[in-house]
There are 2 protein chains.
Amino acid sequence: MTLADVARMAGVSSASASLILNRRAGTRISSETQERVRTAARELGYRPNIAAQSLRTDKSHTVAFVSDFVSTTRFAARMIRGAMKAADELGQVLIVVETEGDVEREARAMHTVLDRQVDGIILAAERARAVDIPDFPDSVNVIMLNAMNDAHPHAILPDELQGGRTAVRELTAAGHRDIGLVGYDFESGIGGSSPSVTLERRMHGIREQMAADRARFIAQGGSRRWEPEEGYRIARAQLRAGPVRAFLCLNDRLAFGAYQAIAEAGLTIPDDISVVSFDDDDISSYLRPGLTTVALPHEAMGRLAVERLYRGSPAEEVLVAMPSIRRGSVAPLSVGARRTG
Amino acid sequence: MTLADVARMAGVSSASASLILNRRAGTRISSETQERVRTAARELGYRPNIAAQSLRTDKSHTVAFVSDFVSTTRFAARMIRGAMKAADELGQVLIVVETEGDVEREARAMHTVLDRQVDGIILAAERARAVDIPDFPDSVNVIMLNAMNDAHPHAILPDELQGGRTAVRELTAAGHRDIGLVGYDFESGIGGSSPSVTLERRMHGIREQMAADRARFIAQGGSRRWEPEEGYRIARAQLRAGPVRAFLCLNDRLAFGAYQAIAEAGLTIPDDISVVSFDDDDISSYLRPGLTTVALPHEAMGRLAVERLYRGSPAEEVLVAMPSIRRGSVAPLSVGARRTG
DNA sequence: GCGGGATGCATAATCGATTTAGCAGTACGA
DNA sequence: TCGTACTGCTAAATCGATTATGCATCCCGC
C-alpha cells in the first residue's frame with residue numbers, strides 16, 4: 001500500500017494525497033477531496049514508508065541510543081526504559097547499540113547509526129563519566145546522557161550536589177549529628193573507583209549540608225571499590241571504634257555490607273542505628289528493613305534525553321533532581337535507646 | 001558524500017560505482033576502474049545511505065526487538081545483549097521497543113517497526129510464555145524469543161527438559177537421593193505463577209532424572225510466587241520436618257530464602273546441606289557460598305534469534321541448552337557429618 | 001469583455017541508491 | 001568483409017515519498 005495507491009483510489013494525484021495526509025494544505029484543497037483521500041487511506045490501511053520519507057526529508061523519526069552497557073546493571077536499563085517511553089509518546093523509535101566501552105565499537109556504532117539517518121544520538125554511560133567519542137559531522141544532534149564530553153556541551157546528569165545535601169538531611173532531620181561515612185574519606189580523598197565530576201559534586205553537597213546542619217563525621221572509611229565487602233569492613237570498624245548511631249553510605253552495595261555488620265553487632269535498624277545511602281539499587285528494596293536511599297533518577301534522565309533531542313532544546317547541561325526514597329532505615333535519634341543493657 | 005560524488009571523482013557513472021562497491025561486477029569492469037572507484041570512495045569517506053538502499057532493495061539491515069520488558073530483570077537484558085552482539089557481527093542494527101505486555105502497545109510497536117522496513121521482528125518475552133500478537137502480513141519474518149505463538153512456529157526456547165535433568169544430576173552425582181523440592185508440589189500441582197509449557201517441561205525432566213537415578217523427594221513445597229519469602233518458609237518447614245540434606249529450588253530467589261532458613265537452623269552449605277537451583281540470577285553469584293544453578297541461556301538465545309533471522313533459517317522450535325553453573329553449594333553426601341552432636 | 005486574483009489540483013523534480021537493458025568498441029573466425 | 005561474441009561501461013527506470021512550480025477555471029470588479 002503506497003501513497004500512489006491511495007491517490008489512485010481517491011482519484012487525485014499523489015502530490016495532493018501527500019499534502020492532505022500531512023495536513024499541510026491549508027485551505028487550498030476542497031474538503032470533499034480531503035475526505036475522499038482520508039477515507040481511501042483508512043480503507044487501504046495506508047502507512048507511509050519511512051525509508052522513503054527519510055530519504056526525502058532527512059527525518060527518520062529514529063533516535064540512536066549508544067551506551068557502554070545496557071545489561072550490566074539495571075541503571076542503564078532504566079535510562080533505556082525512560083528513553084523508550086518518551087520515544088513511544090513522540091512517535092519516535094530507538095536504535096540501541098551497546099559498545100561495552102570499547103573505543104573501536106563506539107566509533108563503529110556512531111557510523112552505523114549515522115548511516116541510518118537517525119535524527120539524533122544519545123550517548124549514554126552507565127556511570128556518570130567523561131567519555132571519549134569519535135569525531136563526526138557537526139550537523140549531527142548529540143546529547144550526552146549520564147556522561148560528559150568537552151566537544152558536546154549538551155548533557156543530562158543527576159543533580160549530585162542536591163543529592164548529597166538530601167542524603168545528609170535525611171539523617172539530620174531525624175536528629176542525627178554524629179555520623180559515620182562509609183565509602184569515602186575526606187582526609188585522604190579516597191573513595192570511588194575513579195575521579196569523577198559527579199562524585200565531587202555529591203561530596204560537595206554532603207559537606208555543605210553537614211556544615212549547615214552542624215553535623216560532623218565521627219568516623220570515615222574510604223575505599224575504591226564500593227562493594228558489600230568493603231561496606232561490611234568499614235562499618236564493622238566504625239562500630240567497634242565508637243558509638244555510631246547513623247551511617248551515610250555512598251551506595252547501596254556498601255549499605256548492604258553495613259547491614260551485615262550491624263546485624264553482627266547485635267544492633268537493630270533503625271532503632272539502634274539509622275542508615276542512608278545512594279542509588280536506589282534493586283537490593284535497597286530487598287533489604288529488611290527497606291533501605292532509605294537517594295535515587296539516581298535514571299528513568300527521568302533517559303526520558304529527558306529523547307524529549308530534548310526531539311524538541312531541539314539548547315545544548316546545555318541539565319541536572320535532574322535526585323529524589324529521596326524513604327523505606328524505613330532511618331528513625332529519630334532517641335537518646336539512650338542503645339546499649340542500655 | 002553520495003555515490004554520485006564517488007562516481008564523479010572516479011570519472012564513471014554511478015551505476016558502475018554501485019556495481020563495483022557492491023562487488024557484483026564479476027569480470028565485467030576493468031580492474032583499473034575498480035581501483036579508481038574504491039580509492040575515491042575511501043578518500044571521500046563514502047558511506048551508503050541506508051534509507052535509500054532500503055527503499056530500493058527492501059533490506060534495511062535492521063531488526064526489531066519487541067519485548068514485553070527490557071528492564072525489569074536482567075534476563076531480558078541478557079537476551080538483548082546477545083541479540084545486539086550478533087547484530088553487530090552481522091552488520092545489523094536493533095530497534096528495541098518495550099511494550100510492558102500491553103496489547104495495544106504491542107500492536108503499535110509492530111506497526112511502528114514495520115513502517116521502518118525492518119528485515120525481521122524478534123518478539124521476546126521475559127518469562128517463557130504464549131503471547132498474543134496482532135496480525136500482520138505473512139511476508140514479515142517473525143521469530144519468537146522465549147515465547148510461543150500458534151501462528152508463528154519459529155521459536156527459541158530454553159531446553160527445560162534437559163535443564164530439569166541437569167539440576168537433578170547435580171545432586172544425585174554427589175550422592176544425594178533424598179531431596180527436598182522447593183517451589184513445586186507434584187501432588188497438588190502447585191508451583192509457579194502461571195501454567196507454562198516450559199515449567200511443565202522442566203518438571204518432566206526433573207521427574208525423569210529422579211526416577212533414573214533412583215532418587216525421591218522426601219519433601220515438597222509448592223508456591224505460586226517464587227520469591228525469597230516463600231523459599232524461606234518452605235525450606236524451614238522441610239528442615240523442621242525431617243533430615244533433609246539436599247534442596248532442589250525452582251529458582252534462585254527461592255534458593256535465596258532457603259539459604260536464610262538453613263543459616264537459621266545452624267546448618268552450613270554445602271557441608272551439611274546441598275542446594276541446587278535454576279536461572280543463574282544475579283543473586284546466585286552474590287550468595288556465600290555461591291549458588292550452583294542451572295542457567296537460563298538468555299544471551300545465547302538472543303544471539304540465535306538474530307542469526308536465524310539473518311540466515312533465513314527454517315521456522316522451527318529451537319531449544320537452547322541450559323548449562324549448569326557450579327559455584328559451590330553442592331558437596332558429596334558424607335554420612336553422619338550432620339548433627340553428630 | 002477583460003485583467004487580476006484566488007482556488008483546486010497536477011506535473012515533475014528530487015532524495016540516494018540498485019539494476020536492467022543496451023550501446024559502443026574490439027577481437028575473432030569464416 | 002561481415003557476422004558474432006565479448007568487454008566495459010552508461011542511460012534510465014525504479015523504490016515511495018515531498019514539494020516547488022504551474023496550469024486551468026472561476027469569480028469579481030470595472
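Just so it is clear, the model here is predicted, and its values are computed rather than measured. Just so we're on the same page: letters track the sequence lines, and every chain starts at 1.
- Comparing D:dT18, D:dC15, C:dA17 against the side chain of B:P48 picks out C:dA17 as the nearest.
- Between A:L3 atom CG and C:dA10 atom P the separation is 12 Å, expressed in whole Å.
- In this structure, A:T2 reaches the sugar-phosphate backbone alone: every heavy-atom distance under 4.0 Å involves primed, P, OP1 or OP2 atoms, never a base.
- Look at CD on A:Q34: it is 14 Å from P on C:dT7, rounded to the nearest Å.
- Within 4.0 Å (heavy atoms only), B:S54 reaches no atom of the nucleic acid at all.
- Side-chain proximity of B:T33 to the nucleotides D:dT18, C:dT7, D:dC9 is greatest for D:dC9.
- For D:dC9, the OP1/OP2 oxygens have a side-chain nitrogen or oxygen of B:S30 closer than 4.0 Å.
- Taking atom CG on A:N22 and atom C1' on D:dG16, their separation rounds to 13 Å, with Å as the unit.
- Nucleotide C:dG8 holds its P atom 16 Å from the CD atom of A:E35, rounded to whole Å.
- Base contact: A:S13 has a heavy atom under 4.0 Å from a base atom.
- Closest contact between the side chain of A:R28 and the listed nucleotides C:dA17, D:dA17, D:dG22 involves D:dG22.
- Within the 4.0 angstrom heavy-atom criterion, base atoms lie near A:S18.
- More than 12 heavy-atom neighbours from other residues, nucleotides or ligands sit within 6.0 angstrom of OH on A:Y46.
- Taking only side-chain nitrogens and oxygens, B:Q53 never comes nearer than 4.0 Å to OP1 or OP2 of C:dG16.
- Taking 4.0 angstrom as the limit, B:Y46 places a side-chain polar atom (N or O) nearer than this to OP1 or OP2 of C:dA17.
- Atoms CD1 (B:I20) and C1' (C:dT19) sit 15 Å apart, rounded to a whole Å.
- At D:dT10, one or more side-chain N or O atoms of B:S16 fall inside 4.0 Å of OP1 or OP2 (strictly under the cut-off).
- In this structure, B:I29 atom CD1 and C:dA24 atom P are separated by 18 Å, rounded to whole Å.
- The listed nucleotides are C:dA12, C:dC9, D:dG16; the one nearest the side chain of A:A15 is C:dA12.
- D:dT18 atom P lies 10 Å from atom CD1 of A:I50, rounded to whole Å.
- Residues A:F65 and A:I80 come closest through the heavy atom pair CE2-CG1, 3.5 Å.
- In this structure, NZ of B:K59 is placed 14 Å from P of C:dT18, rounded to the nearest angstrom.
- Residue-environment remark: CZ (A:R201) exceeds the threshold of 12 foreign heavy atoms within 6.0 Å.
- For B:V12, the listed nucleotide lying nearest its side chain is D:dT10; candidates were C:dG16, C:dA10, D:dT10.
- Between B:L304 and B:V318, some side-chain heavy-atom pair lies under the 4.5 Å cut-off.
- DNA chain D is contacted by both B:T57 and B:G11; B:G11 maps to the nucleotide lying nearer its 5′ end (nearest heavy atom per residue).
- In terms of position on DNA chain D, the residue among B:R36 and B:D58 whose nearest nucleotide sits closer to the 5' end is B:R36.
- Nearest to the side-chain atoms of A:N49 among the listed nucleotides C:dC9, D:dA17, C:dT18 stands D:dA17.
- With values rounded to the nearest 0.5 angstrom, B:S67 atom OG is found 9.0 Å from B:N146 atom CG.
- Other residues, nucleotides and ligands contribute over 12 non-hydrogen atoms within 6.0 Å of the CZ atom of B:F75.
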